[in-house]
Amino acid sequence: MDENLRRRLTLGPVLLAVLGGVLALDAWLEQQHAVKGIGILALLLLMVPLANLELARLFTARNATPFKLIASLGGAAIVLHAFFTQFDWFKPIAASVLAFLMAAVPLASALRKVASRQVEEAITSMAGTLLAVMYLGGLAWFLMAIRVKEGGAVRADPIFDGSTTHIVMVLLCVKFTDIGAFFTGKSIGKRKLIAWLSPGKTWEGLVGGLVVAAAVGAACAPWLPEVEWWTGLIFGAVFGAVGQAGDLLESLMKRDAAVKDSGQSLPGFGGVLDVIDSPLVAAPVAYLLFSLA
């Protein structure tokens, strides 16, 4: 058995067990305290800064060194913003706070550069910091928002009301796309998807992965009141496709930085960024589709 695959099969169940425990705790805390997403919030506040350190390594390789502390705090602040949108006291100021955060990150980056009394690479450092915040914190905002979103009364039929099940569906569809694509590609894959960017991916693998994702989406539908089985089928395929695009996006950055993985913290998987890249990019699309269901 391939050593990398063996490591994935060893660590994968552990990561799934941890995630399952966090989601179960999250749901229990909601029942006890009527506050959504505490578990997801804690998980994102841990993973986003770790992923930010890995992303900084990629950026630094291309002389776009971001300010790590500012990027980590900015990403965490945006995730917290999404968490607070569930509270009535925060809703009137939610848009203003988000606008302030978007303005504060480049301003803080500029002041940090001024404090160092250097002008070299000021633009690239500011740009790298802002991109890190938007890529990690901005996309994680949607994942957090999926969990805490409240249903409205615009329609008589059930509409999207955030739950751990919505998060589970997105994660399962995205990750089962990877699994389906891997085994299909290993079995019958011949035509390279984008050979110069990700030589291991094939068109056959992509199709196999999307079929698996569609099946997973349909299987999740009974637990979501606003999603019919056929809608779940479509959602699953869309989540899987967008997740694959997210994986290619990170591959583009890794190729530019001339590294294989974003980190080595998760043997067999690479780094934290290698694990969360696909779900993060799928999150905005999932938020939109769930809202329209």
Side-chain angles (χ1 to χ4, degrees), residues 8-9 11-28 30 36-48 50-51 79 82-83 135-136 138-149 160-182 209-224 226-227 231-250 266 268-291 293:
R8 287 192 173 211
L9 293 176
L11 184 59
V14 176
L15 295 178
L16 286 175
V18 171
L19 178 61
V22 169
L23 292 175
L25 177 63
D26 189 282
W28 181 81
E30 180 184 358
K36 296 181 178 182
I38 297 177
I40 298 294
L41 175 66
L43 187 62
L44 289 176
L45 290 180
L46 172 65
M47 298 185 75
V48 167
L50 291 176
V79 171
F83 174 77
Y135 177 52
L136 295 175
L139 294 178
W141 185 95
F142 288 95
L143 201 60
M144 188 75 249
I146 288 173
R147 176 65 184 94
V148 303
K149 182 175 174 61
F160 171 32
D161 192 2
S163 70
T164 53
T165 309
H166 289 88
I167 299 293
V168 169
M169 180 179 179
V170 176
L171 296 179
L172 286 180
C173 289
V174 169
K175 289 307 175 182
F176 269 91
T177 303
D178 292 338
I179 295 172
F182 176 81
L210 296 184
V211 169
V212 172
V216 171
C220 291
W223 283 270
L224 299 174
E226 78 278 13
V227 178
T231 307
L233 195 78
I234 297 173
F235 282 13
V238 172
F239 298 162
V242 177
Q244 289 297 292
D247 187 62
L248 290 172
L249 171 62
E250 196 208 354
L266 301 173
F269 292 91
V272 174
L273 185 59
D274 292 312
V275 173
I276 68 173
D277 57 348
S278 299
L280 285 183
V281 175
V285 176
Y287 183 88
L288 175 62
L289 292 182
F290 283 140
S291 298

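Contact annotation: the side chain of Tyr135 approaches that of Leu139 to within less than 4.5 Å [non-hydrogen atoms, C-beta and beyond]. By the 4.5 Å heavy-atom criterion applied to side chains, Leu15 and Phe269 are counted as neighbours. Counting only heavy atoms from C-beta outward, the side chains of Ile234 and Leu289 never approach each other to under 4.5 Å. Asp178 has its side chain within reach of Gln244: a pair of non-hydrogen atoms, C-beta onward, lies under 4.5 Å apart. A 4.5 Å side-chain heavy-atom check between Ile38 and Phe83 finds at least one atom pair inside the cut-off. Residues Val238 and Val242 meet the side-chain proximity criterion, which asks for heavy atoms closer than 4.5 Å. The side-chain heavy atoms of Ile40 and Leu23, taken from C-beta on, include a pair separated by under 4.5 Å. Ile179 has its side chain out of reach of Val212: every pair of non-hydrogen atoms, C-beta onward, lies at least 4.5 Å apart.
Classification of the His166-Phe160 ring pair by plane angle, with boundaries at 30° and 60°, yields tilted.
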Subject >> From CA spacing to verdict: ring-ring contact (aromatic ring centres under 6.0 Å, His included), Phe176, Phe239 >> reply: CA-CA 10 Å; Phe176 269 91; Phe239 298 162; over 10 Å; no
**OP:** Go through the steps to decide whether Leu143 and Leu44 satisfy the test side-chain contact (heavy atoms from CB on, under 4.5 Å), and finish with yes or no.
**Re:** CA-CA 9 Å; Leu143 201 60; Leu44 289 176; 4.1 Å; yes
Subject >> Derivation and outcome, side-chain contact (heavy atoms from CB on, under 4.5 Å), residues Glu30 and Thr164 >> reply: CA-CA 10 Å; Glu30 180 184 358; Thr164 53; 5.7 Å; no
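Checked options Val170, Thr165, Val227, Leu172; the residue passing with Cys220 is Leu172 (criterion: side chain to side chain contact (heavy atoms under 4.5 Å, CB included)).
Between Ala213 and Thr177, the closest heavy-atom pair is CB-OG1, 3.1 Å.
Residue pairs satisfying the side-chain hydrogen bond (donor to acceptor under 3.5 Å, both in side chains) criterion with at least one member in residues 273-289, sequence neighbours excluded, are listed as follows: Lys254-Asp274, Ser262-Asp274.
Listed for the Lys36 side chain is a donor-acceptor partner under 3.5 Å among the backbone atoms of Lys149. In terms of modelled atom types and a separation under 3.5 Å, the side chain of Lys175 and the main chain of Val275 share a donor-acceptor contact.
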